[in-house]
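Sequence lines set the chain letters: A, B, ... in the order given, protein chains first and strands last, and positions in each chain run from 1.
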Amino acid sequence: MPEFQTSPGMRDVLPPESARWRRFVRTFDETVSAAGYGQLVPPLLEDIGVFHRVGEATDVVSKEMYDFVDKGERHVALRPEQTASVCRAFVQHRPVTPWKVWYAGPNFRYEKPQRGRYRQFDQVGIEVLGSQDPLLDVEVIALGWRFFQQLGLRQVSLVVNSLGEPDDRAAFVVALRTYFEANLTRLTPESRLTLARNPLRVLDSKRSEDADVIAAAPRIANFHSESARRSLSAVCAGLGALEIPFTVDDRLVRGLDYYRLTTFEFVGRTLDSVQNALGGGGRYDGLVEDLGGPATPGVGFAIGLDRTLLACDDEGVFDAPEERVDVFVIDTTGGMNALLLTDQLRAQGIRTDRAYENRSMKSQMKAADRSGAAIAVIVGPDEVATGTVVVRPLRDGAEQSTVSRSELTDTLRKALS
RNA sequence: GUGGGCGUAGCUCAGUCGGUUAGAGCGUCAGGUUGUGGCCCUGAAGGCCGGGGGUUCGAGUCCCCUCGUUCACCCCA
């Protein structure tokens, strides 16, 4: 074991997997940019108060934050998610609404790592601030759905719910607490602890022993005010019009406290683990106000990169792209010719690599083969003497040829097309 | 934070009942061919057996601690 390794829950992403990550973000960029979303790049670090507004009762904030006091005595934290940063940025810069942004990057939560869960994990997401149109909720959900389609995923389910207006939600929580407390003995010890912190979250228990109690629990739908009902049915109608399949599950409870009205989750059906949520989001109409801004509605989602890629693995889609050069330069005269030729070809937009340390031709040919290049360009003493190079195809049976240096670029262009 | 599994070469793994110098395949490098890759053959480099302590004449092997990793719980993407 080396003396230094990555910290627990942190890891290096090496090629070719890193190329897949880049393609993932690029695909997301293309999907949402085409819908009028601009990229926001918030800092990794924020005043810890920004995240406290996310919900003191959540584990994410209460025990999983990477926080510390910096040299200027500021209490800061690595972001555990990015929605709060987006809202903070909105309050700070006051852009015109609706403000449609997307983001991609790492978040940090101090948890025990396991499959599909790391302490540093990447998400992509979008947020829209300044509109409470339920058809915007539909647009947001649809963009997530279209993104999964772009990746090639088919085994994804969309689950939708509404947590109601704040008053609805509060009344529901009270009813829920009353109900569960009356049935305490039928709850697992774990769920009893959850109940004390946040009764809503008990609905999210995946323990089979809790299933019966939960099935008979009060339903949020019965607490929906007229406006909440109208909003949910507009969302359902919109999704139906777009022919996006979904189910309404009134036990869907999201992990963060700021949600109200529409919530939704994308679930990977191939992931048999409990951790099968690929992404999710919802409406958070009070968050901007909580952060000191004007009352501003908001809606958005975040998608976890790791789990989504695991789902892609399961379905055999969205493989890591092969990264290869077009041309590999072999120089047996010391390396200066390779230096000049690679620089010249790269300037012409031809992807070019070479070998170093003046190794044997055999060794350099092996490196050329490994590089995946379609063509080797060979320079030895004879070529230097005549001002030529050898162009040797590596992938098909074509004959090699000798060309003058001035014709090299054209010859390669023709051969590569 | 809690519990279980696993830590031997760059990677995947053997290693018998505790026994002397720790192995294989793949990969890397070199040679077989002093100007030509893949296939084949030959050779080489590469190990604090995760770390520390203990038991023993003797520990990769047994015991304890620790670190890492993995799976599950909790929670979440």
Side-chain angles (χ1 to χ4, degrees), chain A residues 1-11 14 54-55 57-64 80-83 104-125 144 188-194 197-198 201-202 204-207 209 253-256 265-268 271-281 301-311 328 330-333 355 357 359-384 389-397 399-400 402:
Chain A
M1 284 297 124
E3 184 181 0
F4 296 112
Q5 295 186 70
T6 48
S7 250
M10 312 274 172
R11 78 267 203 225
L14 279 58
V54 169
T58 64
D59 282 13
V60 168
V61 168
S62 63
K63 35 187 242 204
E64 296 172 359
E81 55 118 42
Q82 294 181 64
T83 303
N107 304 320
F108 302 83
R109 293 181 194 173
Y110 195 91
E111 299 178 277
K112 194 90 163 183
Q114 59 184 270
R115 181 178 167 81
R117 189 174 75 186
Y118 300 89
R119 288 180 177 176
Q120 177 179 334
F121 62 100
D122 273 58
Q123 288 183 332
V124 296
T188 57
E190 292 86 356
S191 286
R192 279 178 226 161
L193 287 174
T194 307
R197 287 202 311 275
N198 188 338
R201 205 67 51 70
V202 176
D204 212 18
S205 166
K206 310 290 201 293
R207 287 171 287 274
E209 306 92 294
V253 178
R254 300 277 310 148
L256 303 169
E265 202 162 275
F266 299 105
V267 177
L271 304 178
D272 45 350
S273 162
V274 174
Q275 292 162 122
N276 57 1
L278 304 181
F301 67 70
I303 290 170
L305 189 147
D306 291 297
R307 284 184 199 174
T308 303
L309 288 181
L310 282 177
F328 197 95
I330 289 168
D331 173 10
T332 59
T333 68
E357 300 179 4
R359 291 196 203 275
S360 69
M361 165 146 315
K362 174 174 177 159
S363 170
Q364 294 194 47
M365 282 298 290
K366 280 188 173 186
D369 189 48
R370 251 195 318 255
S371 76
I375 296 171
V377 170
I378 303 171
V379 190
D382 295 352
E383 288 74 28
V384 170
V389 296
V390 170
V391 174
R392 175 174 172 77
L394 295 171
R395 301 294 151 214
D396 51 33
E399 289 291 307
Q400 70 181 43
T402 301

Length of the [atom1]-[atom2] vector between [X] and [N], whole Å:
X        : N     : atom1 : atom2 : value
A:Arg192 : B:C75 : CZ    : P     : 14 Å
A:Asp306 : B:C76 : CG    : C1'   : 13 Å
A:Phe121 : B:C75 : CZ    : P     : 17 Å
A:Lys112 : B:G1  : NZ    : P     : 7 Å
A:Asn276 : B:A72 : CG    : C1'   : 15 Å
A:Arg115 : B:G4  : CZ    : C1'   : 18 Å
A:Glu81  : B:C76 : CD    : C1'   : 12 Å
A:Gln120 : B:C76 : CD    : P     : 21 Å

*Give RNA chain B the dot-bracket treatment, 5' to 3': Watson-Crick (N1-N3 with N6-O4 or O6-N4) or G-U (N1-O2, O6-N3) under 3.5 Å, [ ] crossing, | other strand.*
(((((((..((((.....[...)))).(((((.......))))).....(((((..]....))))))))))))....
*Give a yes or no on whether a donor-acceptor pair under 3.5 Å exists between the nucleobase atoms of B:C76, that is its base, and the side chain of A:Arg307.*
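When only heavy-atom distances are counted, A:Arg307 does reach the base of B:C76 through a donor-acceptor pair under 3.5 Å.
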*Does the B:A77 base have a donor-acceptor partner in the side chain of A:Gln82 within less than 3.5 Å?*
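Answer is no: no donor-acceptor pair is held.
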[N] to [M] separation - [atom1] atoms, rounded to the nearest Å:
N     : M     : atom1 : result
B:U42 : B:U33 : C1'   : 14 Å
B:U16 : B:U61 : P     : 11 Å
B:G50 : B:C39 : P     : 34 Å
B:C41 : B:A24 : P     : 16 Å
B:C26 : B:G43 : P     : 13 Å
B:A14 : B:G52 : P     : 24 Å
B:G7  : B:U28 : P     : 27 Å
B:U12 : B:G4  : P     : 25 Å

*asked:* Taking salt bridge (Lys or Arg N to Asp or Glu O under 4.0 Å) as the definition, give me every residue that meets it alongside A:Asp382, ordered by chain and number, with sequence neighbours left out.
replied: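 For A:Asp382, no residue satisfies salt bridge (Lys or Arg N to Asp or Glu O under 4.0 Å) once neighbours in sequence are set aside.
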*Could I get the full list of salt bridge (Lys or Arg N to Asp or Glu O under 4.0 Å) partners for A:Glu357, not counting sequence neighbours?*
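So A:Glu357 forms a salt bridge (Lys or Arg N to Asp or Glu O under 4.0 Å) with A:Arg359.
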_Looking at A:Arg115, is its backbone amide N or carbonyl O close enough to the side chain of A:Arg307 to form a donor-acceptor pair, meaning the two atoms are under 3.5 Å apart?_
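Side chain of A:Arg307 to backbone of A:Arg115: no pair is present.
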*When you check the phosphate oxygens OP1 and OP2 of B:A72, does a side-chain N or O of A:Gln114 lie under 4.0 Å from one of them?*
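Yes.
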*At under 4.0 Å between heavy atoms, what does A:Pro113 touch on the DNA or RNA strands: base, sugar-phosphate, or nothing?*
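No contact at all - A:Pro113 keeps every heavy atom at 4.0 Å or more from the nucleic acid.
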_Within the 4.0 Å heavy-atom criterion, would you say A:Phe4 contacts the bases, only the backbone, or no part of the nucleic acid?_
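A:Phe4: no heavy atom of the nucleic acid under 4.0 Å.
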*B/S/- contact track for nucleotides 30-37 of chain B, protein heavy atom under 4.0 Å*: SSB--BBB
List for me each residue that meets side-chain contact (heavy atoms from CB on, under 4.5 Å) alongside [X], sequence neighbours excluded, and say none if there are none.
X        : value
A:Glu64  : A:Asp59, A:Val60, A:Arg109, A:Glu111
A:Arg370 : A:Ala367
A:Asp306 : A:Arg11, A:Trp21, A:Tyr118, A:Phe121
A:Pro8   : A:Arg119

_ring-ring contact (aromatic ring centres under 6.0 Å, His included) partners for A:Phe301, two or more places apart_ =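 A:Phe301: no ring-ring contact (aromatic ring centres under 6.0 Å, His included) contacts found.
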*Please name the pair of heavy atoms, one in A:Phe328 and one in A:Gln364, separated by the smallest distance, quoted to 0.1 Å.*
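The pair with the smallest heavy-atom distance is CE2-O, 3.8 Å.
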*Just checking, is any N or O donor in the side chain of A:Ser363 or A:Ser360 under 3.5 Å from an acceptor N or O on the other one?*
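The criterion, which ignores hydrogens and geometry beyond distance, is not satisfied for A:Ser360 and A:Ser363.
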*Between A:Arg119 and A:Gly9, which is nearer to the 5' end of RNA chain B once each is assigned its nearest nucleotide?*
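Upstream on the strand: A:Gly9.
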*More 5' along RNA chain B: A:Gly280 or A:Met10, using each one's nearest nucleotide?*
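Whichever sits nearer the 5' end wins; that is A:Met10.
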*Answer whether the closest heavy-atom distance between the side chains of A:Ile378 and A:Met361 falls below 4.5 Å.*
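Answer yes - side chains close enough.
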